[in-house]
Amino acid sequence: MPPQTAPSISPRPFLKWAGGKSQLISQYQPYFPQEFATYYEPFLGGGAVFFHLLPKQAILTDINPELVNVYCCVRDQVEPLILRLQEYQKQHSHDYYYQVRAEKPTTDLERAARLIYLNKTCFNGLYRENSKGNFNVPIGRYKNPGICNAELLRSVSLALRSTVIVIKPFEAILDCANREDFIYFDPPYYPLSSTSNFTAYSRYAFDQEHQIRLRDVFAKLASRGVKVMLSNSDCEFIRELYAGFNINAITAARSINSKASKRGKITEVLVTSY
């Protein structure tokens, strides 16, 4: 069960996640709708926008079953999860990391604890699976990784208490959202070049066809009067896809690159239907 007393810190993303939006919230703020009924986030990831808005009603979804399981366990089993992560903290080492990475736990709690442990100790906090669905990121270079932030997890658990968290593809949003709702899409970004093609965080790749399908879903929702926001790469393909909607340029830092010299400031787009 979630904790009964209020934690001492505010909720925020508890996972490192490629494309996380924590650093961009201040630029997004002017574009959030003032009022809405239910908040939907079909590409959950790190959940930075959810934790910023803290809506009264929210439905959070993702196609990645391991990610959804982590959120559910933080919401429903936070104290046992903390105890398990504290054990990971005590045992962490180079060899232990690869031992855990090779394991295939069967309970929801063990799966969640393992993912958080690997997320906090792997290279760049990167979530990546091979074609068989096995996590395959090498260990990161951390002297003292923060594997278990108990107060943060308790705070997140409270924030998630009234949310619905389920495994669903993004198209499922068409079956439930209405004009009083707000939807934020944060899909894997369209690659700016062949060398920046990082659209497969898991075995489920997100290619150009998926981008077009997402645009179609965006347009259908917009035609119903639903408030829809989407972030993506600032490139000709995306700008052409969303021509006719409001497209705003956002300054962001590129962080997913093996060479530090190729990381830096770029622009992204924030598309809104309103």
Side-chain angles (χ1 to χ4, degrees), residues 11-13 17 19-22 24-64 67-68 71-72 75 156 158-190 204 206 208-235 237-250 252 268-274:
R12 63 177 187 271
W17 208 258
K21 296 300 181 288
S22 295
L24 301 179
I25 291 296
S26 62
Q27 294 184 71
Y28 283 14
Q29 181 61 49
Y31 302 103
F32 292 134
Q34 294 296 311
E35 296 181 356
F36 54 87
T38 300
Y39 172 74
Y40 291 86
E41 191 164 342
F43 296 92
L44 180 50
V49 171
F50 165 79
F51 289 117
H52 173 73
L53 295 174
L54 292 177
K56 292 181 180 179
Q57 297 182 71
I59 297 178
L60 309 175
T61 61
D62 201 279
I63 200 171
N64 185 331
L67 180 66
V68 170
Y71 275 86
C72 289
R75 181 191 61 191
V156 169
L158 281 174
L160 294 172
R161 179 176 288 180
S162 62
T163 61
V164 175
I165 311 170
V166 291
I167 304 167
K168 281 187 178 180
F170 67 84
E171 292 99 333
I173 195 74
L174 290 170
D175 298 329
C176 46
N178 59 57
R179 64 183 304 111
E180 287 80 31
D181 299 331
F182 172 45
I183 300 166
Y184 171 54
F185 287 118
D186 183 24
Y189 280 18
Y190 187 75
Y204 311 106
F206 203 86
Q208 184 168 307
E209 179 188 347
H210 288 86
Q211 296 285 357
I212 295 170
R213 283 163 48 193
L214 177 56
R215 186 279 316 277
D216 292 344
V217 170
F218 186 106
K220 288 177 183 177
L221 292 166
S223 69
R224 298 179 188 173
V226 181
K227 301 177 183 70
V228 194
M229 174 186 284
L230 174 142
S231 51
N232 214 314
S233 301
D234 188 355
C235 62
F237 175 72
I238 294 298
R239 283 183 174 269
E240 287 182 355
L241 270 186
Y242 292 92
F245 296 106
N246 300 309
I247 301 177
N248 308 281
I250 302 293
E268 300 180 356
V269 295
L270 191 65
V271 185
T272 60
S273 66
Y274 47 91

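Everything numeric here is computed off the predicted structure, so don't read it as measured data.
With sequence neighbours excluded, no residue satisfies side chain to side chain contact (heavy atoms under 4.5 Å, CB included) with Gln34. Every residue two or more places apart in sequence or in another chain was checked for a side-chain hydrogen bond (donor to acceptor under 3.5 Å, both in side chains) with Asp62, and none qualifies. The side-chain hydrogen bond (donor to acceptor under 3.5 Å, both in side chains) search around Asp186 returns Lys21, Ser231, not counting sequence neighbours. Legend: residues meeting salt bridge (Lys or Arg N to Asp or Glu O under 4.0 Å) with Arg179, ordered by chain and number and at least two apart, are absent.
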I'd like a table of donor-acceptor pairs (distance under 3.5 Å, sequence neighbours excluded) in which one partner is a side-chain atom from residues 212-228, with atom names and distances.
unit_1: Arg213; atom_1: NE; unit_2: Glu171; atom_2: OE2; d: 3.0
unit_1: Arg213; atom_1: NH2; unit_2: Glu171; atom_2: OE2; d: 2.3
unit_1: Arg215; atom_1: NH1; unit_2: Leu241; atom_2: O; d: 3.4
unit_1: Ser223; atom_1: OG; unit_2: Lys220; atom_2: O; d: 2.6
unit_1: Arg224; atom_1: NH1; unit_2: Leu174; atom_2: O; d: 3.0
unit_1: Arg224; atom_1: NH1; unit_2: Ala177; atom_2: O; d: 3.4
unit_1: Arg224; atom_1: NH2; unit_2: Leu174; atom_2: O; d: 3.0

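The distance between the ring centers of His52 and Phe32 falls below 6.0 angstrom.
No side-chain heavy atom of Pro11 sits under 4.5 Å from any side-chain heavy atom of Leu158. Side-chain contact between Leu24 and Glu268 is present, with heavy atoms from C-beta onward closer than 4.5 Å. Proximity of Tyr31 to Ile250: side-chain heavy atoms (C-beta onward) are separated by under 4.5 Å at one or more points.
Put simply, the side chain of Asp181 never gets that close to the backbone of Phe36: no donor and acceptor are under 3.5 Å apart. Side chain of Glu240 to backbone of Cys235: no donor-acceptor contact under 3.5 angstrom is found. Although no hydrogens or angles enter the test, the distance criterion places a donor-acceptor pair under 3.5 Å between the side chain of Asn232 and the main chain of Tyr190.
Between Ser162 and Lys56 the shortest heavy-atom distance is OG-O, 3.5 Å. Among all heavy-atom pairs drawn from Tyr71 and Gly45, the shortest one is OH-O, 2.7 Å. Here the closest non-hydrogen pair linking Phe50 and Ala58 is CE1-CB, 3.7 Å. Scanning all heavy atoms of the two residues, the minimum distance from Tyr274 to Met229 falls at OH-CE, 3.4 Å. The two residues Phe51 and Gly46 have their closest heavy-atom pair at CE1-O, 3.6 Å.
Counting non-hydrogen atoms of other residues, nucleotides and ligands closer than 6.0 Å to CD of Glu35 gives a total of 12 or fewer.
Residue pairs satisfying the side chain to side chain donor-acceptor pair (under 3.5 Å) criterion with at least one member in residues 37-46, sequence neighbours excluded, are listed as follows: Tyr39-Glu41.
For the pairing with Phe245, the side-chain contact (heavy atoms from CB on, under 4.5 Å) check across Val271, Thr272, Leu230 returns one residue only, Val271. Shown are Leu44, Leu67, Val166; of these, the side-chain contact (heavy atoms from CB on, under 4.5 Å) with Leu60 is made only by Leu44.
Here CD1 of Ile59 is found 8.5 Å from OG1 of Thr61. Values are rounded to the nearest 0.5 Å. Phe237 contributes atom CZ, which lies 4.0 Å from atom CD of Gln208 (distance to the nearest 0.5 angstrom). Taking OH of Tyr189 as the reference point, atom CZ of Phe206 lies at 12.0 Å (rounded to 0.5 Å). Here CD1 of Ile165 is found 4.5 Å from SG of Cys72. Values are rounded to the nearest 0.5 Å. How far CZ of Arg239 is from CD1 of Ile247: 5.5 Å, rounded to the nearest 0.5 Å.
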